[in-house]
Amino acid sequence: MLQILQDNWLLFLIGQYPHGPVGGLAMTLFMATLGLALSFPFAICLALARLSPFAWLRLPAAAVTHTVRGLPLLMFVFWAYFVAPLVIGRAIGGVETLIIALVIYEASYLSEIIRAGIQGLPQGQVEAAKALGLGYFPTTFRIVLPQALHNMLPSMVSQFVSTIKETSLGYVISANEVTFAASQVNNQLMTKPFEVYGLLALTYFTLCFALTSLARLLERRISTGRGGNLAAQPA
Amino acid sequence: MGYVFDPAAILTGRYLDWFIWGTATTIGLTIAAWVLGMTMGILLTLVRMVPFRPLEWLVALYVEFHRNVPLLVQIFVWYFAIPQLLPRTMRVWINGHHSEFLLATVALGLASAAYISEDLRSGIRSIPKTQYEAARSIGFSYLQAMSSVILPQALRIVIPPLINQTLLLFKNTSLAMAIGVAELTYRTREVDSYTFKTFEAFAIATVIYLAISFAIMAAGNYADRRFKLEVR
Amino acid sequence: MIRFDNVEKWFGPLQVLGGISGEVEQGEVLVLLGPSGSGKSTLIRTVTRLEPIQRGHVLVGGVDVASGAVDINRLRQRVGFVFQAFNLFPHLTALQNVTLGLERLRKMSKVEARGRGMLELARVGLAEKADAMPARLSGGQRQRVAIARALAMDPEIMLFDEPTSALDPEMVGEVLQVMKSLAQSGMTMIAVTHEMGFAREVADTIWFLDQGRVVESGTPVGVFDNPQHERLKRFLARHP
């Protein structure tokens with residue numbers, strides 16, 4: 001296994017660059033980060049819509065999240081594959097397709113996390129903001145969301161880990177991330193699938209386990225640091 | 001552009017057959033993996049309750065591995081890598097008995113088991129120790145206390161997350177297409193490549209997936225309402 | 001009926017019971033008093049081996065509860081225990097809480113168990129709440145169901161570990177009433193409680209514990225009106 005790593009570590013890490021597009025682990029991280037980051041604004045909109053008192057906002061938002069929840073990510077990847085070129089007007093590569101699919105998919109799951117974060121805040125926060133005369137938007141964006149997002153940071157890191165794992169689907173549409181790179185190496189070597197895929201599994205494991213541990217650390221920090229409801233503190 | 005959306009065109013003859021068989025395979029894969037996952041998950045939970053540190057570590061490692069490696073990669077490991085390590089007779093047997101379906105089932109089932117065992121574990125832990133004490137105080141033995149008082153409560157707590165796991169498992173079967181299992185997504189692509197009616201094909205697949213998913217989610221909602229304990 | 005023989009218990013380096021000896025006769029009502037941390041809850045829990053002890057003996061009906069020959073489950077069926085936190089089974093109705101032991105341990109038929117269960121619930125004044133879930137009952141009602149659950153097993157001894165400490169003041173009375181009538185019917189009881197009125201009225205003997213030892217013991221009159229020990233005097237001053 002070490003030999004394979006030695007021979008092919010560059011391919012694993014950054015794909016065929018500079019003789020081709022960037023790939024490998026670098027691309028995996030790039031896609032995961034971009035996918036999650038771009039889905040963020042959508043996630044916030046969806047979350048707020050689901051919590052809205054207006055049915056015309058709330059119901060479609062609920063329909064969207066339930067629909068996304070009911071379909072495999074792979075279906076989104078294929079839908080993006082066919083629909084995106086038509087919408088954008090040109091052919092797009094595997095990487096862009098995957099990112100689009102991830103944005104839609106992650107927006108839905110992220111919105112659920114944000115929704116839980118908002119609902120988890122004590123009522124008193126919104127009441128205090130109202131008492132000061134703040135309208136909906138200032139209340140939401142300067143009081144509610146900052147706290148909700150801070151509290152849900154561990155969950156969001158977990159979601160990032162999920163997104164990293166989801167980039168492996170790039171293999172199916174030849175997006176040049178680390179699983180695809182590994183399959184290329186395997187096709188070259190032919191007789192060492194255990195080493196190649198073992199290495200691939202180990203790579204993901206190391207990365208994701210490190211991030212998951214970070215999420216757990218954050219979880220502990222946040223629950224001890226905030227100390228619960230800041231509304232009633234004993235003197 | 002003149003593109004007419006015509007799903008009826010592909011819901012006939014052998015294409016219809018493909019959709020039906022694809023759906024059947026998806027459902028079959030889900031059930032097979034579910035049985036494996038539940039069995040393994042319960043086993044893991046029981047093993048974890050044994051107060052022997054190395055065993056706890058082993059189970060923890062199992063869970064962490066399956067949670068941090070993408071399911072697609074796990075499927076590849078089982079399909080491409082593991083058979084290499086098995087004795088020749090086993091390999092021959094597997095190859096002669098729907099190797100793709102078999103190995104996909106194993107991969108999906110063992111991955112599910114990791115999550116299921118975590119759900120079971122947190123369910124049991126959430127029951128206060130005092131319940132056990134109260135049961136013992138009436139005169140129940142350890143086994144009687146577990147079966148008459150603890151387990152019934154644990155099951156109620158654990159059913160919603162388990163139904164959620166079932167939903168995830170169902171959706172994850174689509175990944176099996178990567179190793180050639182002829183489940184719904186694979187068949188859909190087949191229909192697409194033969195008829196070029198891409199939108200119709202994937203629309204049908206989408207409807208099928210959503211229908212089954214919603215059925216599972218509805219079961220989950222029912223279980224939630226029926227089994228949720230009011231805790232004051 | 002119950003005998004403590006130089007009972008000692010440690011939690012790690014901390015000694016929580018320091019050589020307690022004494023007896024409880026059949027039909028006697030013993031009340032354990034003392035500041036928190038004095039070991040009274042720990043002591044009562046040793047009777048059914050809910051807490052193991054390191055030294056000394058606890059004997060129930062002449063038998064050492066720690067001995068290998070004892071079937072602890074059998075013993076616990078004969079000794080009823082009522083917890084501070086009630087510990088009702090939340091997934092069962094009040095009646096089912098009471099009949100669970102009857103059906104599973106005494107092997108009664110459903111009909112028999114139901115009949116007996118209703119009797120016990122009526123005894124604590126909750127017959128009409130038989131089919132209610134614990135979440136729907138008040139604290140006082142829950143504790144009474146817990147008492148009925150313990151009584152259904154036909155115990156020879158009833159143990160109460162601060163049965164009213166978790167209750168709102170207005171519900172304390174209904175539980176004490178049940179305990180009082182139980183005592184009057186001749187039940188052997190040990191109760192850990194802060195309810196002085198109850199102790200004065202109902203107890204035959206009072207043990208005052210401090211830091212794991214019985215510092216003073218006697219009849220209610222003796223202990224309340226004529227306290228000898230300093231700690232007891234201070235305790236009584238703070239708990240009128």
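Just so it is clear: chains get the letters A, B, ... in the order the sequence lines come, proteins before strands, and each one is counted from 1.
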Practice prompt. Can you establish whether the number of heavy atoms outside B:Trp34 located under 6.0 Å from its atom CH2 is more than 12?
Written response: no

Discussion item. With heavy-atom distances below 4.5 Å as the criterion, would you say the side chains of B:Val69 and A:Leu200 are in contact?
Written reply: no

Worksheet item: Checking heavy atoms, do the side chain of B:Phe214, its backbone, both or neither come under 4.5 Å from chain A?
Response: side chain

Worksheet item: If you draw a 6.0 Å radius around CZ in B:Phe65, do more than 12 non-hydrogen atoms from other residues or ligands fall strictly inside?
Response: yes

Worksheet item: How long is the span from the CG atom in B:Leu61 to the CZ atom in A:Phe209, to the nearest 0.5 Å?
Response: 8.5 Å

Worksheet, complete the sentence: For B:Met177 and A:Val172, the nearest pair of non-hydrogen atoms, with its separation, is CE-CG1, 4.4 Å

Item to complete: Examine whether an atom of B:Asn172 lies under 4.5 Å from a heavy atom of chain A, and if so say whether it belongs to the side chain, the backbone or both; otherwise answer neither.
Response: neither

Discussion item. Other residues, nucleotides and ligands only: do more than 12 of their heavy atoms fall within 6.0 Å of CZ on B:Arg125?
Written reply: no

Worksheet item: Between B:Leu168, B:Thr173, B:Leu72, which residue shows the highest count of heavy-atom pairs closer than 4.5 Å to chain A?
Response: B:Leu72

Response to the item:
One should read off an interatomic distance between B:Asn164 CG and A:Arg69 CZ, to the nearest 0.5 angstrom, of 5.0 Å

Worksheet entry | Closest approach of A:Phe194 to B:Ala81 (non-hydrogen atoms, all atoms of both residues) | CA-CB, 3.5 Å

Discussion item. Could you go through A:Val196 and B:Phe80, starting from their C-alpha distance and side-chain angles, then the distance that decides it, and tell me whether this counts as side chain to side chain contact (heavy atoms under 4.5 Å, CB included)?
Written reply: CA-CA 10 Å; A:Val196 174; B:Phe80 294 120; over 6 Å; no

Practice prompt. Below 4.5 Å from any heavy atom of chain A, which atoms of B:Arg189 appear? Answer side chain, backbone, both or neither.
Written response: side chain

Worksheet item: Could you go step by step and tell me if B:Phe199 and A:Leu86 meet the side chain to side chain contact (heavy atoms under 4.5 Å, CB included) rule?
Response: CA-CA 12 Å; B:Phe199 284 99; A:Leu86 297 176; 3.5 Å; yes

Item to complete: Identify which part of A:Leu207 has an atom lying under 4.5 Å from any heavy atom of chain B, answering side chain, backbone, both or neither.
Response: neither

Practice prompt. Can you establish whether the number of heavy atoms outside A:Phe30 located under 6.0 Å from its atom CZ is more than 12?
Written response: no

Worksheet item: Side chain of B:Glu64, backbone of A:Phe205: donor and acceptor closer than 3.5 Å?
Response: no

Worksheet item: Side chains of B:Thr206 and A:Trp79: closer than 4.5 Å at any heavy-atom pair?
Response: yes

Worksheet item: Tell me, side chain or backbone of A:Thr67 under 4.5 Å from chain B's heavy atoms, or both, or neither?
Response: both

Worksheet item: Would you say the side chain of A:Phe78 lies within less than 4.5 Å of the side chain of B:Thr185, judging by non-hydrogen atoms?
Response: yes

Worksheet item: Which atoms of A:Thr179 come close to chain B, meaning under 4.5 Å heavy atom to heavy atom: side chain ones, backbone ones, both, or neither?
Response: side chain

Worksheet entry | For the student: nearest non-hydrogen atoms of B:Ser213 and A:Gly70, plus distance | OG-O, 2.6 Å

Worksheet item: Passes side chain to side chain contact (heavy atoms under 4.5 Å, CB included), A:Leu73 versus B:Leu175? Steps please.
Response: CA-CA 9 Å; A:Leu73 176 57; B:Leu175 295 176; over 6 Å; no

Worksheet item: If you draw a 6.0 Å radius around CZ in A:Phe82, do more than 12 non-hydrogen atoms from other residues or ligands fall strictly inside?
Response: yes

Item to complete: Inspect the surroundings of OH in A:Tyr109 and state if more than 12 heavy atoms from other residues, nucleotides or ligands are less than 6.0 Å away.
Response: yes

Practice prompt. Tell me, for B:Leu71 versus chain A, whether the close heavy atoms (under 4.5 Å) come from the side chain, the backbone, both or neither.
Written response: neither

Worksheet item: Take atom CE in B:Met49; do more than 12 heavy atoms of anything else shown fall under 6.0 Å from it?
Response: yes

Worksheet item: Given that the side chain runs from C-beta out, which part of B:Ala211 has a heavy atom under 4.5 Å from chain A: side chain, backbone, both or neither?
Response: neither

Item to complete: Without swapping roles, check the side chain of B:Lys171 against the backbone of A:Leu74 for a donor-acceptor pair under 3.5 Å.
Response: no

Practice prompt. Using a cut-off of 6.0 Å, state whether more than 12 heavy atoms not belonging to B:Phe19 lie near its atom CZ.
Written response: yes

